[in-house]
Structure formats: C-alpha cells, structure tokens
A.B. asks: 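Below is a structure I'd like to ask you about.
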2 protein chains.
Amino acid sequence: MANIIDIAKLAGVSVSTVSRVINNHPYVSESKREMVQRVIDELDFTPNRLAVDLIRKETKCIGVIIPYNNNQAFDQLLHGVLNRSVEHDYSVMVLPTKYDPAKELRCLNMLKNKQLDGVIMTSRSNDWNSILSYSKYGTIVACEFTDHPQIGCAYIDRYASFVDAFQLLKDKGHSRVAFTTARGEESSSTQLTIKAYKQIFGELSPMYHLNDCQTMDDGFIAAQRLLNMDSRPTAIYANGDEVAAGMYQCAKNMNLSVPEDLAIIGQENQPVGIGLSLSTVDHQLVKVGEQAFDLTMDRTNNKVKIPYQIIIRQST
Amino acid sequence: MANIIDIAKLAGVSVSTVSRVINNHPYVSESKREMVQRVIDELDFTPNRLAVDLIRKETKCIGVIIPYNNNQAFDQLLHGVLNRSVEHDYSVMVLPTKYDPAKELRCLNMLKNKQLDGVIMTSRSNDWNSILSYSKYGTIVACEFTDHPQIGCAYIDRYASFVDAFQLLKDKGHSRVAFTTARGEESSSTQLTIKAYKQIFGELSPMYHLNDCQTMDDGFIAAQRLLNMDSRPTAIYANGDEVAAGMYQCAKNMNLSVPEDLAIIGQENQPVGIGLSLSTVDHQLVKVGEQAFDLTMDRTNNKVKIPYQIIIRQST
DNA sequence: CTGAAAGCGCTAACAC
DNA sequence: GTGTTAGCGCTTTCAG
C-alpha cells in the first residue's frame with residue numbers, strides 16, 4: 001500500500017500538506033487540496049490506523065471484559081455497550097476471561113500497551129488493588145459498585161434487589177426458600193445473595209443454596225436436588241431466567257404445579273422467562289452496559305445506580 | 001511510560017538487545033538477559049502494542065460483522081468465534097452495521113488500514129464485488145456460501161434446511177402453511193425461504209409470508225394477523241425460536257391448541273424454544289462461528305458446510 | 001552474541 | 001499556506 005510519502009511525491013507537495021488534507025485541516029489552498037485528494041483517490045489510499053494511533057496516543061477502542069462468552073446476562077451488558085459505542089464511533093473488543101485472574105490482568109494490560117483507551121469490567125476476578133494500578137493507563141469502569149475514586153461505576157443495587165425478591169417470597173407465605181447462584185462465595189454477587197437471604201429469613205440452611213448454576217440444565221438438576229429433599233423448598237429464587245426455566249421444567253416433570261407447589265422467580269427478564277411466564281427481577285443490564293459506555297467517555301468516574309424492576313408473572 | 005530506549009540505557013545495552021529479550025530471542029547472554037529483565041520489571045515496562053503491530057504488520061485481531069447487536073442468532077455466531085479466538089490468543093472486535101452498506105464498508109476498511117487481520121461476515125449488505133476488493137488486505141470469511149475463491153465460507157445449506165422444514169410440515173398433512181422472515185427480499189435468506197416454499201407447496205400466497213420479524217413481540221403480532229385470516233394457516237415456520245414463542249403465546253391467547261390447531265416450528269434451538277417445547281431447526285450457529293474463526297486462521301478460503309439438525313418437540 | 005542504524009507510516013511544532 | 005524535520009516506540013537487517 002502506498003503511504004503518505006508516495007502521495008506527497010505524486011501530488012508534488014509535502015507530507016504535512018497531505019496530512020492536512022487527510023485530517024481536514026484548514027489553511028490548505030483549494031488547488032493543493034484538490035490535487036492531493038485526486039492522488040489519494042487514484043491510489044485508493046487509506047491512512048494506516050496503527051501509525052495514526054501510535055502518534056495520537058488514542059485508539060478509539062474500548063474493551064469489555066466478560067467471564068463467559070455464552071451467557072445471556074453478559075450478552076445484555078455487551079449489547080448495551082455496543083448500542084452506545086456505535087453512536088460514538090468507538091470500536092469494542094470483547095474480552096472473555098473465564099474468571100481467570102491472570103487473563104483478566106492481561107486484558108487490563110491492553111490499556112497499558114496502548115491497544116485500548118478504556119475497559120468495562122462486567123465481571124472481576126482480581127482484588128481492586130491489582131486493578132487500580134491499571135487505571136493510570138486508561139479509563140476503567142465497573143459494573144458493580146466500588147468506592148475507589150479512580151473507577152467509574154454503572155451498577156445495580158444487587159443487595160436491595162435480592163432483599164426485595166426474598167421479601168416478596170416471604171410475604172407470599174414462603175418460609176422454606178432456596179436459591180441458586182452462578183458461582184461460589186468468591187463471587188460478591190453470591191455473598192450479597194446470602195446476606196440478603198439471612199436478612200429476610202434469619203438462618204440459611206446450607207442445603208437451600210446451590211451454586212455453579214448457569215444453564216437451563218443446571219437449573220433442572222438443581223431443582224431435582226432441591227425438590228427431592230425431605231423438607232423441600234416451596235419457593236426458589238434462581239440466578240437467571242434460564243436457570244429458572246430449567247427448574248420449571250423439573251417441577252412440571254414431577255407433577256408439581258407452579259406456583260402452588262413451587263414458586264419460582266428468575267432474573268434478567270429473558271425470553272424464556274417471558275415465554276414461560278416466570279416472575280423475574282430485571283436488573284436492566286442493557287441499560288447498565290449503556291451507562292458503562294457513557295462513563296468511559298466522560299471520564300468523571302461517577303457512580304451511577306441503575307434501577308431494577310421486579311416483574312411479577314405467573315410463577316409466584 | 002518508559003520505552004525501549006530507556007530500558008536499554010538503564011540496562012547498559014542496546015535497544016536491539018532489549019528487543020531480543022522481550023521477544024525471547026536466542027543468542028542473548030544470560031547475564032545481559034537478566035540485567036535487562038530486571039530493569040523491565042523495575043520500571044514495570046510493557047511494549048507498546050501499536051508500535052509492535054505497526055512494524056510487524058499484524059495485529060492478531062479480527063473483526064466480526066453483525067447487523068444487530070440484540071439478536072440471539074448473531075450472539076451464537078459471536079460465541080462460536082470467541083470460543084476459538086481465546087484458544088488462539090486472538091482478540092475480536094464486534095462490528096455492528098445495522099445492515100448499512102456504507103458502515104459495512106467502513107468495517108472492511110479496517111483491514112486496509114491495518115487495524116484488523118481478518119473479518120468474519122455474519123451478514124452482508126454489499127454485493128460481492130465491493131467486498132472482494134478488500135480481500136487483498138486481509139482474510140475475509142463469510143457465514144454464507146459463495147463461489148469466490150478469495151472468500152472462505154462457513155455456511156449452512158439454508159435452502160436444504162428450509163426445504164426440509166416445509167416438507168416436514170407437508171408430511172404432517174399441512175397445506176396452509178405460513179412463514180416469517182427477518183427481512184424482505186433484499187435478504188438472501190428470505191429469497192431462499194420463498195424458493196424452498198414454492199418447491200414444496202408450489203404456490204405462495206403473499207399473505208402467508210410476513211417479514212420484519214425479529215422479536216417475540218413481532219412473532220405475536222405476526223401470528224395475530226395470520227390467525228385472524230379467513231383461511232388461517234395450520235402451520236407456521238418462524239424465523240427464530242423467539243418469534244415462534246411469540247406465535248405460541250398468541251395461539252394460546254386465542255385458545256388454539258398447539259400443535260392440533262396450529263403447528264409451529266422455529267429456528268436456532270434457543271432457550272425459549274426449549275422451555276416451550278417448540279420444534280426447531282438448529283443451524284448450529286455456534287459451530288458456524290467456530291469454523292469461521294478457524295478459516296480466518298488457515299487462510300485456505302475453504303468452503304465448509306455445517307450440518308443442521310431438525311429437532312422435533314411438541315409444537316409439530 | 002551485540003550494537004548501529006534504517007525503517008514502519010504518520011502527526012505536529014516550527015520556520016519561512 | 002507550505003515544507004522541514006523531529007519524533008511516536010518498536011523490529012530487524014547488517015556488520016562486527
């Protein structure tokens with residue numbers, strides 16, 4: 001490919017003039033501008049973006065850290081980010097980590113090596129201290145709350161939402177309530193769920209908490225375990241509508257009616273939940289993603305809380 | 001941030017030696033290697049990726065062109081791509097186009113400006129001629145079949161799958177069969193569906209084909225129109241399980257039983273279809289995405305057909 | 001095994 | 001208005 005020097009030579013001008021017309025700078029005579037443009041068109045020239053970014057010290061590209069690449073919840077967040085990034089003419093890189101702290105750090109390092117202007121963390125597998133040291137290389141925004149002034153946050157008050165959901169179940173008269181989580185207690189989301197549970201129900205019998213639930217199948221299996229117990233729960237709060245759907249299937253298989261024999265409430269208002277008319281708490285992850293992107297732009301490191309919504313359908 | 005020259009000075013060696021240790025080249029004395037490494041660690045130095053890529057003429061980054069960023073089918077494709085890209089230590093950029101040809105061209109231009117080594121086109125809004133001219137700048141692989149030797153293809157035999165689905169319905173005794181598509185006849189997928197329909201049923205009454213269906217709501221509305229007709233269809237082939245789910249809801253609302261009064265078959269084997277036990281034709285889009293990535297690597301421009309599967313559940 | 005030097009392709013301060 | 005030139009930060013011949 002031709003470079004800017006070739007263009008300059010052919011157009012009979014200097015490289016700066018070429019650069020000026022490429023970047024629409026003023027103070028270029030119309031005649032030269034035309035001349036240069038003609039040569040550019042003739043040679044079908046496109047400026048090398050790497051060279052431009054190298055010198056400009058900016059890539060107009062941000063990364064989105066996600067743990068899995070097959071999880072609806074993270075898709076929703078990503079969609080939110082994409083909604084906004086196209087409007088702002090930014091590119092976005094998807095960075096799956098599988099919750100591997102080392103991999104996550106390598107992603108953050110893309111700020112340091114100048115590949116990325118910012119990164120949005122929809123999940124986190126390192127402690128904040130390790131992460132903070134990267135904030136001097138670019139904008140970091142998290143999809144969870146944190147006090148650190150170097151970090152922007154687009155977050156949901158998960159604790160409140162969990163409390164609400166459990167309260168709802170309690171108000172309906174349930175006392176044997178189980179719940180599932182995606183990960184173990186290394187996850188802050190899991191911790192908050194447990195805390196909220198205890199807040200509402202006091203004790204948490206360990207057998208009422210199952211983790212490592214991600215898919216419909218996981219939900220089915222979890223429900224199997226739960227519903228075969230002697231004092232089986234009368235309500236389950238699932239960590240996602242797909243998981244909830246699996247539970248619903250299982251209950252149906254066992255000839256239990258929902259919500260009479262078993263109440264189910266899911267999360268994230270996903271299609272399968274709508275289809276099965278499952279109640280859900282919608283954390284509005286698309287909005288979270290949109291807000292997260294906006295925060296990478298305005299560099300204020302604001303903390304923005306996104307409201308959640310409980311949607312009551314026929315499973316409670 | 002320090003650069004390679006700083007490191008060289010502090011370590012008392014030349015920049016080439018520093019470069020050699022960074023890139024694990026042989027022929028560096030252990031003593032110098034250690035010295036350099038110590039300085040690198042001390043200064044917490046990371047090579048600037050833009051500079052490296054600029055000179056190496058390679059970014060280890062590919063782009064995935066998708067039309068919408070809120071469509072499950074394209075999520076599946078993207079997931080497939082990500083599955084493989086992490087294994088190969090490649091980054092991936094998501095490039096939503098909204099089917100805008102100009103935007104699509106700007107994405108392809110990222111090959112020319114050296115930002116991307118390759119791009120996977122899960123959708124296409126330009127004619128092949130416009131696209132082919134970019135293939136000299138990087139690998140282009142399409143998720144549809146094309147003869148062009150410059151293009152790798154990971155594709156499904158959509159025509160065959162449509163024929164199969166319609167045949168299935170015909171075999172079940174349906175003669176009034178309707179179908180929906182995501183777009184109008186500008187889409188090759190729509191064209192193929194129509195062609196397959198005519199192949200099986202001969203005539204296509206225009207009122208049996210509804211387009212612009214994307215979501216569950218779209219499916220609901222489409223079903224409303226279809227089911228309120230005088231000679232209402234006894235079967236509908238939906239262009240996606242979410243759309244099919246909307247139709248299912250509508251049928252239920254009208255007190256029609258599925259499949260007795262209305263057979264429904266969807267596409268892509270999505271959670272909501274599993275939840276509602278809808279029959280579906282699974283085009284295995286995750287595999288398509290995986291294969292597409294593999295094709296960007298091996299540069300053979302092979303044409304790889306991915307088998308589809310029809311999954312019969314209770315809606316047919 | 002090591003270093004000097006010539007780039008990669010572009011931008012922008014500076015001088016005219 | 002326009003051109004000269006010094007970088008941006010790194011890799012890679014080519015000598016030695």
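Chain A is the first sequence line, chain B the second, and so forth, proteins listed ahead of strands; every chain is numbered from 1.
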A.B. asks: Which whole-number value in Å describes the distance from Y27(A) OH to dT2(D) P?
C.D. replies: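 Checked: the OH to P distance equals 13 Å.
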A.B. asks: Using a distance-only criterion (donor-acceptor N/O pair, under 3.5 Å, no hydrogens), is the base of dA4(C) paired with the side chain of S16(B)?
C.D. replies: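 Side chain to base: pair found, below 3.5 Å.
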A.B. asks: With no hydrogens and no angle check, is any side-chain donor or acceptor of Q284(A) less than 3.5 Å from a backbone partner on P307(A)?
C.D. replies: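 At least one qualifying donor-acceptor pair exists.
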A.B. asks: So, under a plain 3.5 Å distance rule, would you say the side chain of R33(A) forms a donor-acceptor pair with the base of dG1(D)?
C.D. replies: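 Flag unset: no donor-acceptor pair detected.
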A.B. asks: Let's see if you can work this out: which of dT2(D), dT11(D), dG3(C) has an atom nearest to the side-chain heavy atoms of S19(B)?
C.D. replies: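 Nearest nucleotide to the side chain: dT11(D).
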A.B. asks: Can you check the I7(A) CD1 to dT2(D) P distance for me, whole Å?
C.D. replies: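 Distance check: I7(A) CD1 to dT2(D) P gives 17 Å.
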A.B. asks: For the pair made of CG in L54(B) and C1' in dT12(D), what is the distance, rounded to whole Å?
C.D. replies: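 Rounded to the whole Å, the gap is 14 Å.
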A.B. asks: Among dT4(D), dG1(D), dT11(C), which is the nearest nucleotide to the side chain of S29(A)?
C.D. replies: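 For the S29(A) side chain, the nearest candidate turns out to be dG1(D).
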A.B. asks: What's the CG-P distance between L50(B) and dG7(D), to the nearest Å?
C.D. replies: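 Rounding to the nearest Å, CG of L50(B) and P of dG7(D) are 20 Å apart.
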A.B. asks: Taking OP1 and OP2 of dG9(C), is either one under 4.0 Å from a side-chain nitrogen or oxygen of K57(B)?
C.D. replies: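 Affirmative; the distance criterion is met.
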A.B. asks: Nearest whole angstrom, please: distance from the C1' of dT11(C) to the CD1 of I55(A).
C.D. replies: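 Interatomic distance, CD1 of I55(A) to C1' of dT11(C): 4 Å.
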A.B. asks: Would you classify V13(A) as touching base, sugar-phosphate or nothing, given that sugar-phosphate means primed atoms plus P, OP1 and OP2, and contacts are heavy atoms under 4.0 Å?
C.D. replies: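 Sugar-phosphate contact only.
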A.B. asks: What about T17(A): does its side chain form a donor-acceptor pair under 3.5 Å with the base of dG3(D)?
C.D. replies: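 No, the side chain and the base share no sub-3.5 Å donor-acceptor pair.
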A.B. asks: For P26(B) and for I5(A), locate the closest nucleotide of DNA chain C by heavy-atom distance; then report the residue assigned to the nucleotide nearer the 5' terminus.
C.D. replies: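 With P26(B) and I5(A) compared, the 5'-side residue is P26(B).
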A.B. asks: Should L132(B) and H148(B) count as side-chain neighbours, where that means a heavy-atom distance under 4.5 Å?
C.D. replies: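 A side-chain contact under 4.5 Å exists here.
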A.B. asks: Take atom CG of N3(B) and atom C1' of dG9(D), then tell me their distance rounded to the nearest Å.
C.D. replies: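 Those two atoms, CG and C1', are 6 Å apart.
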A.B. asks: I want to verify a distance call: between dT5(D), dA4(C), dC10(D), whose nearest atom is closest to the V15(A) side chain?
C.D. replies: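 Minimum distance to the V15(A) side chain belongs to dT5(D).
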A.B. asks: Under 3.5 Å, is there any donor-acceptor pair linking the side chain of R49(B) to the base of dG9(D)?
C.D. replies: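 Counting by modelled atom types and ignoring angles, no donor-acceptor contact under 3.5 Å is found here.
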A.B. asks: Between dC8(D) atom P and K114(B) atom NZ, what is the distance in whole Å?
C.D. replies: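 About 25 Å, once rounded to whole Å.
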A.B. asks: So for atom NZ, which belongs to K136(A), do other residues, nucleotides or ligands contribute more than 12 heavy atoms lying within a distance under 6.0 Å?
C.D. replies: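 Check passes, neighbour count above 12.
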A.B. asks: Taking K287(B) for the side chain and G80(B) for the main chain, is one N or O donor matched with an acceptor at less than 3.5 Å?
C.D. replies: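 Such a contact is absent between K287(B) side chain and G80(B) backbone.
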A.B. asks: Indicate whether OP1 or OP2 belonging to dG3(D) is found under 4.0 Å from a side-chain N or O atom of K32(A).
C.D. replies: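 Indeed, a polar side-chain atom of K32(A) lies that close.
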A.B. asks: dC14(C), dG9(D), dC10(C): which one has an atom nearest the side-chain heavy atoms of A51(B)?
C.D. replies: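 The listed nucleotide nearest to A51(B)'s side chain is dG9(D).
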A.B. asks: Using whole Å, report how far CG of N23(B) lies from P of dT11(D).
C.D. replies: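 Answer to the nearest Å: 5 Å.
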A.B. asks: Is the closest side-chain donor-acceptor distance between S14(A) and S16(A) under 3.5 Å?
C.D. replies: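 Yes, S16(A) and S14(A) have a side-chain donor paired with an acceptor closer than 3.5 Å.
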A.B. asks: Touch check for R20(A), heavy atoms < 4.0 angstrom, all strands: base, sugar-phosphate only, or nothing?
C.D. replies: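 Answer is base: heavy atoms of R20(A) come under 4.0 Å of a base.
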A.B. asks: Using 0.5 Å steps for rounding, measure from the OG atom of S123(A) to the CG atom of N71(A).
C.D. replies: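 So the gap between those two atoms works out to 10.0 Å.
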